[in-house]
**Student:** 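Just dropping this structure here.
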Protein chains: 2
Amino acid sequence: MSGHPLMKIYKNLNIKEEELKLIINAHERVEFEKGQLFLERGQMANAYYFIEVGLARAFTYDFKGDEITTDFIGENEILIEVSSLFRRIPAQENLQALSDGVAWRIVFNTFQDIYHKSSGFNEWGRAWMSEQLFSLKQRHIDSVSLSASDRYLKLLTHKTQVIQQASLKYIASYLGITDTSLSRIRKEILSK
Amino acid sequence: MSGHPLMKIYKNLNIKEEELKLIINAHERVEFEKGQLFLERGQMANAYYFIEVGLARAFTYDFKGDEITTDFIGENEILIEVSSLFRRIPAQENLQALSDGVAWRIVFNTFQDIYHKSSGFNEWGRAWMSEQLFSLKQRHIDSVSLSASDRYLKLLTHKTQVIQQASLKYIASYLGITDTSLSRIRKEILSK
DNA sequence: TAGATTTCTTGTCTTATGGCAAGTAGGTTT
DNA sequence: AAACCTACTTGCCATAAGACAAGAAATCTA
């Protein structure tokens, strides 16, 4: 069990071995293709995914109707639309694959069963959500206190996979700038 | 029980009347003064607060050491440092009163007991966190797609209490602009 | 292989916002 | 009343990033 890909996220679970098995077995291995939508805005989310191989993004639209990439989800991370899954409301974001890959899918009902039975799993879920909130706040601080090029540099050092696999326009909207600006920033950085 | 201030947030709880009483009684009424810190960066959070009367803010510092107001918490909202309380790590944010007021405080251990016993309360907590994530994402979209003055106008219509009670510099850093710029934006808006 | 589409780059010009500094107006303290 | 803060305003100038448009390069497709 300790060599299972899912252990990358469930390692800190404070539970018995058999409960852990139950959780791991509740996931189903799925392969995905570049461009594929895991979830479409307006639909009801019915599962979340652990990305073993590949890269995905979450995106939505601003008031002008332009796409905004709100998050990149890389290997060993969880691809999920929290609001839709946990509040049972239509998704506000799209979840899309940016490369071919492999993921582990757990459906809501199964998740929910275990969530209510296992307080260790429950705590894990809350801690995971806390981390999400934390990192979103951190990103907000970066976005108001760092220049666009510093934000890019930070991404460059912390999320190598994104820089390598995501196209410029997605990275630009994630950073809150235009693709034109990002192209110039890249040029500027290379010339140093 | 239905007239209790705390019912403003716990109204959608899917639980029995006696459980609800238990939850409400777990809160203690506290009065607070303008400027007072509920929680200081570096400390361990040990409670959260429901604000009945008054206004508070969460703030931290950017890499230059400048204060950034990350959130305003108004009446009928919850004042909390999620990461510190649920992950048992030192607080990254300060929580401060911006006016005199009244709050209801619940300490972590008491909360935790009920949280594990009552699946209705547990669900409520998860839904609350989901909403937080949702609104943070929404703010991010606003911050990259709206002009500073549109962001101010949005705050003006949606969070009247903040405009009325928070000082310009706090609002400015919340919006991600300088106080100078906000002053000009206000002038511009008034002239229309 | 040619055509079409998407991705990225570059040029020119505009504009929103920041940096700094000085000034005003209220409120508080001594 | 004088001195002192703090909150806010205003002026001047600098600059990061956007808008628009054209081109180059890469990728997909027929």
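Bear in mind that the values here come from a model prediction, so they are computed numbers and not experimental data.
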**Student:** Checking Arg57(B) against Tyr170(B): charged group under 6.0 Å from the ring centre and within 45 degrees of the axis?
**Tutor:** yes
**Student:** Less than 4.5 Å apart, any side-chain heavy atom of Ile24(B) and any of Met7(B)?
**Tutor:** yes
**Student:** Check Lys21(A) with Glu18(A), please: is the shortest side-chain N to carboxylate O separation under 4.0 Å?
**Tutor:** no
**Student:** Could you measure the distance from the CZ atom of Phe63(B) to the NZ atom of Lys154(A)? Nearest 0.5 Å is fine.
**Tutor:** 9.5 Å
**Student:** Return the value, rounded to whole Å, for the distance between atom CD of Glu67(A) and atom C1' of dT6(C).
**Tutor:** 14 Å
**Student:** In whole angstroms, how far is the P atom of dA16(D) from the CD atom of Glu188(A)?
**Tutor:** 9 Å
**Student:** Let's see if you get this right: which residues in residues 173-184 of chain B place a heavy atom under 4.0 Å from DNA chain C?
**Tutor:** Gly176(B), Ile177(B), Thr178(B), Thr180(B), Ser181(B), Arg184(B)
**Student:** Please name all residues satisfying side chain to side chain donor-acceptor pair (under 3.5 Å) with Glu19(A), sequence neighbours left out, ordered by chain then number.
**Tutor:** Ser118(A)
**Student:** Once ring pair (Phe, Tyr, Trp, His ring centres under 6.0 Å) is applied, do any residues pair with Phe32(A), and if so which ones, sequence neighbours excluded?
**Tutor:** Phe38(A)
**Student:** Under a 3.5 Å cutoff, is there a donor and acceptor pairing between the side chains of Arg87(A) and Ser130(B)?
**Tutor:** no
**Student:** Go through residues 141-166 of chain B and report each residue with a non-hydrogen atom lying under 4.0 Å from DNA chain D, sorted by number.
**Tutor:** none
**Student:** Hey, which of Tyr49(A), Phe111(A), Tyr48(A) is the one that makes side chain to side chain contact (heavy atoms under 4.5 Å, CB included) with His27(A)?
**Tutor:** Tyr48(A)
**Student:** Quantified as the angle between the terminal helix axes (five pairs each), what is the overall bend of the helix from dT1(C)-dA30(D) to dT30(C)-dA1(D) to 10 degrees?
**Tutor:** 40°
**Student:** Any luck finding a side-chain donor-acceptor pair between Glu93(B) and Thr70(B) under 3.5 Å?
**Tutor:** yes
**Student:** With sequence neighbours left out, write down each residue that passes side chain to side chain donor-acceptor pair (under 3.5 Å) with Glu131(A), or none if nothing qualifies.
**Tutor:** none
**Student:** May I have the distance from Lys169(B) (atom NZ) to dC5(D) (atom P), rounded to whole angstrom?
**Tutor:** 14 Å
**Student:** Distance only, no hydrogens: is a donor on one side chain within 3.5 Å (strictly under) of an acceptor on the other, for Glu31(B) and Gln36(B)?
**Tutor:** no
**Student:** Output the rounded distance in Å from CZ (Arg186(A)) to C1' (dA25(D)).
**Tutor:** 14 Å
**Student:** Could you give the CD1-to-P distance, from Ile185(A) to dC8(C), as a whole number of Å?
**Tutor:** 15 Å
**Student:** Please state whether the phosphate of dT9(C), meaning OP1 or OP2, lies under 4.0 angstrom from any side-chain nitrogen or oxygen of Lys187(A).
**Tutor:** no
